[in-house]
Amino acid sequence: MRYFITLLMLFLALPSWADSLRVDHAHIPAAPPTAPVLTAYMTLENTGENDVSVIAFDSPHFKRIEMHESRMEDGVARMRAVKSIDIAAGAQIALEAGGLHLMMFEPSAPLSMGDSVELNMTFANGRQQSTTATVKARQTQHHHNHSHHH
Ligand SMILES: [Cu+2]
């Protein structure tokens with residue numbers, strides 16, 4: 001009986017798993033060691049039964065992280081900050097070059113290929129989830145130049 005009560009308390013103490021995201025392929029394209037801004041890409045899949053809104057990302061490795069969306073306007077690639085990334089129940093959203101992405105400002109130290117960085121997501125309901133992004137070789141076919149926008 002005592003064991004049962006302990007187990008019950010443990011369950012009550014756990015956060016609800018109903019709205020969690022499955023994060024895949026979280027990666028940071030490698031950048032020069034002096035780069036003040038890095039990008040991150042990943043796929044977010046909502047495996048729960050509730051819609052999820054990610055309203056913020058943060059990381060112990062960066063001073064601040066913004067969620068951005070790139071789009072073509074009059075033939076010019078522009079990007080703007082978005083307030084949230086909304087993923088309906090069962091849906092999957094890709095953060096990828098030319099679309100949604102994270103911009104991570106002022107790294108506390110240079111990152112090398114293969115390094116992993118902790119990223120924390122905050123949902124609109126206040127819940128948080130953390131994930132890890134790995135530094136990978138930059139893909140050459142999509143050169144996403146951020147220098148004109150900031
Ligand atoms: Cu951006």
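When a ligand or atom number is given, it counts from 1 through the structure's own listing order.
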Just wondering, do Thr132 and Leu119 contact through their side chains at under 4.5 Å, heavy atoms? no
Within-4.5 Å side-chain heavy-atom neighbours: Val52 and Leu21: yes
In His68, what N, O or S atom is nearest to the Cu ion (ligand 1), if we give its atom name? ND1
Would you check if Leu44 and Leu95 make a side-chain contact, meaning some heavy-atom pair closer than 4.5 Å? yes
Kindly give the atom name of the N, O or S atom of His101 closest to the Cu ion (ligand 1). NE2
Close side-chain approach of Asn120 and Phe57, heavy atoms under 4.5 Å: no
For a distance under 2.8 Å, tell me if Met103 has an N/O/S atom near the Cu ion (ligand 1). yes
Strictly under 2.8 Å, is any N, O or S atom of Met79 next to the Cu ion (ligand 1)? yes
